[in-house]
Asks: 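Input: one structure, supplied below.
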Amino acid sequence: MPVAKWNGVVLAQSERFETVEGNIYFPPDSLRREHFKPSTTHTSCPWKGEASYYTVEVDGKANPDAAWFYPEPKSAAANIRDHVAFWKGVTVER
């Protein structure tokens, strides 16, 4: 089962997930929401659409924009709507 961790704390864990371009996308109900703060950052992907970001916070430490998701993905990426993926030092293990 995939688990996302940062600074020794589990951020997300689920047996249900999607894999796109080598990234594991966790469903929204698998997140430990207390560690996610909305970010104003947005980026664009030609086939997935506009991504929004979260800053991850653990024990008073912040990892800006370490998680991203697609709230309104293009039809080709509909399977990852609101699912969250990670980078910037967040480890995802299967």
Asks: Ignoring hydrogens, what is the shortest heavy-atom contact between N79 and A76? Give both atom names and the distance.
Replies: OD1-O, 4.1 Å

Asks: Can you give me the closest heavy-atom contact between P71 and R81, atom names plus distance?
Replies: O-NH1, 3.0 Å

Asks: Among pairs that include at least one residue of residues 27-43, which meet salt bridge (charged side-chain N to carboxylate O under 4.0 Å, His left out), considering only residues two or more places apart or in two chains?
Replies: R16-D29, R32-E34

Asks: Run the ring pair (Phe, Tyr, Trp, His ring centres under 6.0 Å) test against F69 and tell me which residues pass, sequence neighbours left out.
Replies: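 Partners of F69 by the ring pair (Phe, Tyr, Trp, His ring centres under 6.0 Å) criterion, ordered by chain and then number, come out as Y54.
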
Asks: Under the side chain to side chain donor-acceptor pair (under 3.5 Å) rule, collect the residues that match up with T55, sequence neighbours excluded.
Replies: none

Asks: How would you list, by chain and number, every residue that makes a salt bridge (Lys or Arg N to Asp or Glu O under 4.0 Å) with E93, sequence neighbours excluded?
Replies: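 Per chain and number, E93 pairs via salt bridge (Lys or Arg N to Asp or Glu O under 4.0 Å) with no residue.
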
Asks: Quick check: closest heavy atoms across K88 and P64, and the distance to 0.1 Å?
Replies: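 Closest approach of K88 to P64: NZ-O, 3.0 Å.
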
Asks: With sequence neighbours excluded, tell me which residues meet side chain to side chain donor-acceptor pair (under 3.5 Å) with K48.
Replies: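 K48: side chain to side chain donor-acceptor pair (under 3.5 Å) contacts with E21.
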
Asks: With P38, which residues qualify under side chain to side chain contact (heavy atoms under 4.5 Å, CB included), at least two apart?
Replies: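 Listed in chain order: nothing, the list is empty.
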
Asks: Would V58 and L11 count as a side chain to side chain contact (heavy atoms under 4.5 Å, CB included) here? Give the steps.
Replies: CA-CA 9 Å; V58 172; L11 303 174; 4.1 Å; yes

Asks: Return the set of residues passing ring pair (Phe, Tyr, Trp, His ring centres under 6.0 Å) with F26 (not counting sequence neighbours), or none when no residue passes.
Replies: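 Result, ring pair (Phe, Tyr, Trp, His ring centres under 6.0 Å) vs F26: F86.
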
Asks: Enter the distance from K5:NZ to Q13:CD here, rounded to the nearest 0.5 Å.
Replies: 8.5 Å

Asks: V3: which other cluster members, linking ILVMFWY side chains closer than 4.5 Å, directly or transitively?
Replies: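 V3 shares its hydrophobic cluster with V10.
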
Asks: Where do P27 and S14 come nearest, in terms of heavy atoms and distance?
Replies: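 In terms of heavy atoms, the two residues are closest at CG-OG, 3.6 Å.
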
Asks: Rounded at 0.5 Å granularity, tell me how far OG1 in T19 sits from CZ in R94.
Replies: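 That separation rounds to 5.0 Å.
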
Asks: Among Ile, Leu, Val, Met, Phe, Trp and Tyr joined by side-chain contacts under 4.5 Å, find the other residues sharing a cluster with Y53 and list them by chain and number.
Replies: V20, Y25, W47, W68, Y70, I80, W87

Asks: Pairs in or reaching into residues 54-68: which pass salt bridge (charged side-chain N to carboxylate O under 4.0 Å, His left out), with residues at least two apart or in two chains?
Replies: none

Asks: Suppose we screen for side chain to side chain contact (heavy atoms under 4.5 Å, CB included). Which residues come up paired with K74, at least two apart in sequence or across chains?
Replies: none

Asks: Quick one: does H83's side chain get under 4.5 Å of P28's, heavy atoms only?
Replies: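 Yes; the side chains approach each other to less than 4.5 Å.
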
Asks: Return the set of residues passing side chain to side chain donor-acceptor pair (under 3.5 Å) with E50 (not counting sequence neighbours), or none when no residue passes.
Replies: none

